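Reviewing the structure listed below.
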Amino acid sequence: MDIDHDADLTVRQALFEQVRRHTGIAMNERKWVMLKGRLRRRIMTLGLPDYSDYLRVLDTSADEVRDFIDLVTTNETSFFRTPRIWDYLVREFLPNWTASRAGDTLRVWSAAASSGEEAWTTAMLCEEHRAQHPAMRYAIVGTDISDGILANARVGHYAGRSMESLRQQRPELVQKYFRSDATGIGVSDALRAHVSFRRHNLYDVPRDLGPFDLVLLRNVLIYFDVDGQKAVLANVRRAMRPGAVLIVGESESLSRVADGLAFEQPLIYRNEERKHEQPA
Ligand SMILES: C[S@@+](CC[C@H](N)C(=O)[O-])C[C@H]1O[C@@H](n2cnc3c(N)ncnc32)[C@H](O)[C@@H]1O
């Protein structure tokens with residue numbers, strides 16, 4: 001069954017509201033063509049005649065809500081996305097860490113981890129740093145709201161553009177930290193020992209996450225409105241140690257929303273003295 005007609009305004013608004021309710025992502029009429037493109041196939045697969053029927057399914061099925069979240073989120077990512085922040089990690093953050101906190105475990109949060117490239121990139125750089133500083137310990141948690149994309153992150157197998165670009169940028173790291181098996185090219189056990197993934201909605205208080213020394217919150221704030229960004233940043237701060245570093249994406253600015261986060265250099269902020277309680 002095909003849907004050959006558009007949704008009327010009320011139904012479109014109700015769908016935008018469902019997106020906001022389940023993900024906090026702010027959508028409006030300008031996003032309708034994209035949203036329609038993502039939902040249409042699903043609605044046809046379910047054999048539903050209309051977008052309004054789909055809204056009724058969403059109201060009654062938790063499984064459908066999970067699929068809906070997978071569909072409406074944008075999961076674009078890559079290894080070493082935005083090279084300057086990885087330079088910062090290698091040249092400043094990790095050496096400073098080793099100099100001041102050598103005996104502690106470095107705790108890192110990839111807070112909108114998508115298919116995992118950001119978490120695995122961090123793990124490769126920590127491993128490289130550890131080769132020079134064998135006492136270093138680190139643990140990386142990747143979280144995302146989409147169960148579907150997190151399943152890919154956990155499997156840690158990469159192909160196509162993602163792998164090609166890593167091979168071009170850092171062939172020596174592919175050689176060192178990836179293994180070929182019958183199902184493809186996957187991250188090695190050396191990295192897996194330090195990285196875990198779990199579902200977390202950034203609008204929820206991170207009660208059992210952290211405290212972290214480094215948070216990567218990149219290319220996700222852009223999907224939220226100003227109030228949403230403020231709420232998410234307040235939550236993220238609750239899981240950061242005082243003095244911890246927060247890194248955002250290239251098109252994200254915290255100038256209007258960064259209560260308690262001091263600008264350090266472009267894309268990089270430092271958590272000021274704690275105003276919130278430690279997570280339980
Ligand atoms: C464009 S990707 C960014 C991936 C990676 N951080 C990067 O910069 O390459 C955005 C991710 O944010 C996730 N996301 C969207 N809304 C979220 C929310 N409310 N809580 C947690 N994750 C969310 C999406 O599922 C998606 O995987």
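What you see below is based on every heavy atom in this structure, not just the backbone, and it leaves out hydrogens, waters and symmetry mates. Whatever order the structure lists them in is the order used to number ligands and atoms, beginning at 1. Quick caveat: nothing in here was measured; it's all calculated off a predicted structure.
Residue contacts with ligand 1 for E76 involve N, CA, C or O but no side-chain atom from C-beta outward (heavy atoms, distance under 4.0 Å). For F79, no heavy-atom contact with ligand 1 is shorter than 4.0 Å. If you look at N219 next to ligand 1, the close heavy atoms, those under 4.0 Å, come from the backbone and the side chain alike. Under 4.0 angstrom from ligand 1, there are no non-hydrogen atoms of E117.
Remark: side-chain polar atoms of S61 are not paired, donor with acceptor, to backbone N or O of L58 under 3.5 angstrom. At least one donor-acceptor pair closer than 3.5 Å links the side chain of D8 to the backbone N or O of V11. Formation of a donor-acceptor pair under 3.5 Å by the E252 side chain with backbone atoms of I222 is found in this model. Listed for the R179 side chain is no donor-acceptor partner under 3.5 Å among the backbone atoms of I185.
Separation of the Y138 and W109 ring centroids does not fall under the 6.0 Å cut-off. Between W120 and F197, the distance from one ring center to the other falls under 6.0 angstrom.
Under a 4.0 Å criterion applied to the non-hydrogen atoms of S114, ligand 1 contributes the atoms 4 (C), 27 (O). Close approach of ligand 1 to R218 (heavy-atom distance below 4.0 Å) involves ligand atoms 3 (C), 5 (C), 6 (N), 7 (C), 8 (O). Of all the atoms in ligand 1, the ones that sit under 4.0 Å from a non-hydrogen atom of N201 are 18 (C), 19 (N), 20 (N). Listed by number with element, the atoms of ligand 1 under 4.0 angstrom from any heavy atom of E118 are 5 (C), 6 (N), 7 (C), 8 (O).
Taken to the nearest 0.5 Å, the CD1 atom of I85 stands 4.5 Å off from the CD1 atom of I247. Taking CZ from R81 and CD from E250, the interatomic distance works out to 8.0 Å, rounded to the nearest 0.5 Å.
A cation-pi geometry, defined here as NZ or CZ lying under 6.0 Å from the six-membered ring centre and within 45° of its normal, does not hold between R12 and Y51.
Nearest non-hydrogen protein atom to atom 15 (C) of ligand 1 is V220 CG2, 3.8 Å. Nearest non-hydrogen protein atom to atom 19 (N) of ligand 1 is T23 O, 2.7 Å. Of the protein's heavy atoms, I145 N, 3.3 Å lies nearest to atom 22 (N) of ligand 1. Atom 21 (C) of ligand 1 has as its closest protein heavy atom H200 O, 3.3 Å. Among all non-hydrogen protein atoms, the one lying nearest atom 9 (O) of ligand 1 is T77 OG1, 2.6 Å. From the protein, the heavy atom lying nearest to atom 2 (S) of ligand 1 is T74 O, 3.4 Å. In this structure, the protein non-hydrogen atom closest to atom 4 (C) of ligand 1 is A112 O, 3.2 Å. Protein heavy atom closest to atom 20 (N) of ligand 1, with residue, atom name and distance, is L202 N, 2.9 Å.
Considering backbone and side-chain atoms alike, D144 places an N or O below 3.5 Å from some N or O of ligand 1. Between S146 and ligand 1, no N or O atom pair is found at a separation short of 3.5 Å. No N or O atom of Y223 sits closer than 3.5 Å to an N or O atom of ligand 1.
Counting heavy atoms from C-beta on, the side chains of V215 and V245 never come closer than 4.5 Å. Side-chain contact check for R199 versus I69: some heavy-atom pair is nearer than 4.5 Å.
The side-chain contact (heavy atoms from CB on, under 4.5 Å) test with V195 singles out one residue from T122, V108, I140, and that residue is I140.
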